[in-house]
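Each remark here refers to the structure printed beneath this line.
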Amino acid sequence: MAAQTFTVAVVGATGAVGTEMLNVLAEQRFPVGRLVALASHRSAGSDVSFDGESIKVEELTENSFAGVDLALFSAGAATSERFAPLAVKAGAVVVDNTSFFRMKPDVPLVVPEVNPEAIDQHHGIIANPNCSTIQCVVALQPLHALAGLRRVFYSTYQSAAGAGQRAMEELKDQTVALLNFRDPPVEKFPRRLAFDCIPQIDKFLDDGSTKEERKMVDESRKILGLPGLRVSVTCVRVPVFVGHAVAIHAEFDRPISVEAARAALEGAPGIVCHSDPAKYPTAVDAAGNDPVHVGRIRRDDGLENGLAMWVVADNLRKGAATNAVQIAQALVARGRLGTQH
Ligand code: A2P
């Protein structure tokens, strides 16, 4: 019997994350029978590359999902709000990379290394978490299993790629302008990013925190299944093209030695543990590959049973596309894809 294949739509196929979704689907040999590349009217008719082939981009419309088994969305929250329910109605399972559905109680928010069982609860839509949150919970889960996570502090160093393709171009243009003594263009970021750091990602909320910081609090609690977890966050955009880093300080219920933490991280799925403190990973090391890299693991005597670590990942891959494709692979493994037509 021929192996089953699936019709897969990528919504936002011309974007920074959509491009990686196409790359990861091909690299992972996901059983794609037909690939539908969707974007706005702006790029309809252009070509994207999938598995060595050129695919014509189609404009996203209400009729785009006929016959689609799996729809991977990464074209902004407003697009997901309007079109994801239409994709489900047409018989697709949606894996949505935007924030729109993440905190809805009936939508699973899944990192396969952490809470794969949540996939079974879906009603058509599965949410892919925030990029920084994904890499943090992958690193925290094995330590939580060991000693019980009680409290966590995150300080992020997030790359331009998190704001999309045009934002990466803006960082490049700003850098070139400044090196040529010209005024840098500022459109995609709230301020100039080149040669500076911006302590604002997404919009401000009433309490003075940012939406990105709120996402890291809410989503960490939901994925780890710890609704009362105390989470303190500052999110900062740094002039790096691809790859997010997070300094994590965590407090546990029980004592946890550095050696035990390293052993747990070394044995955990999806992690590369850099045990030599001097051989720490950076965003450049993580860019273009899938694992979450953990280094600088040490005691934090400022906390009770405290540990500090430095966690780096490619935000377009494990922080977005790779995690989405892993969810799709888990759906296939559970026989939950291609059953709706
Ligand atoms: P387009 O290239 O036509 O603008 P990024 O996050 O890198 O900025 O990419 C956003 C992706 O979402 C792009 O593929 C973009 O397509 C797509 N997109 C943005 N707005 C819409 C929309 N209203 N309908 C469909 N696709 C959209």
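Side chains are part of it too, since the values below use all heavy atoms of this structure and drop only hydrogens, waters and symmetry mates. Order of appearance sets the numbers: ligands from 1, and atoms from 1 within every ligand.
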Please confirm whether Val17 approaches ligand 1 to less than 4.0 Å, judged on its heavy atoms. no
Tell me whether [X] has any N or O atom under 3.5 angstrom from an N or O of ligand 1.
{"X": "Leu60", "value": "no"}
{"X": "Ala16", "value": "yes"}
{"X": "Gly15", "value": "yes"}

Quick one: does Ser155's side chain get under 4.5 Å of Val246's, heavy atoms only? no
For [X], atoms of ligand 1 separated by under 4.0 Å from a heavy atom:
{"X": "Gly12", "answer": "11 (C), 12 (O), 14 (O), 17 (C)"}
{"X": "Arg42", "answer": "3 (O), 4 (O), 19 (C), 20 (N)"}
{"X": "Thr14", "answer": "1 (P), 2 (O), 13 (C), 14 (O), 15 (C), 16 (O)"}
{"X": "Arg166", "answer": "4 (O)"}

Among Ala161, Ser43, Ala163, Ala75, the residue with a heavy atom nearest to atom 12 (O) of ligand 1 is Ala75
A student comparing Gln165, Met168, Arg82 should find that the heavy atom closest to atom 5 (P) of ligand 1 comes from Gln165
Among side-chain atoms of [X] and [Y], is any donor-acceptor pair under 3.5 angstrom?
{"X": "His249", "Y": "Arg151", "value": "no"}
{"X": "Thr156", "Y": "Gln158", "value": "yes"}
{"X": "Ser80", "Y": "Asp96", "value": "yes"}
{"X": "Gln28", "Y": "Gln329", "value": "yes"}
{"X": "Tyr154", "Y": "Thr133", "value": "no"}
{"X": "Asn315", "Y": "Ser159", "value": "yes"}

Give a yes or no on whether the backbone of Ala118 and the side-chain of Asn115 come within a donor-acceptor separation of less than 3.5 Å.
no
At what distance is the nearest protein heavy atom to [atom], and which residue and atom is it?
{"atom": "atom 26 (N) of ligand 1", "result": "Ser40 N, 3.2 Å"}
{"atom": "atom 23 (N) of ligand 1", "result": "Thr79 OG1, 3.6 Å"}
{"atom": "atom 6 (O) of ligand 1", "result": "Gly164 CA, 3.8 Å"}

(message) Is the distance between the ring centroids of Phe73 and Phe65 under 6.0 Å?
(response) yes
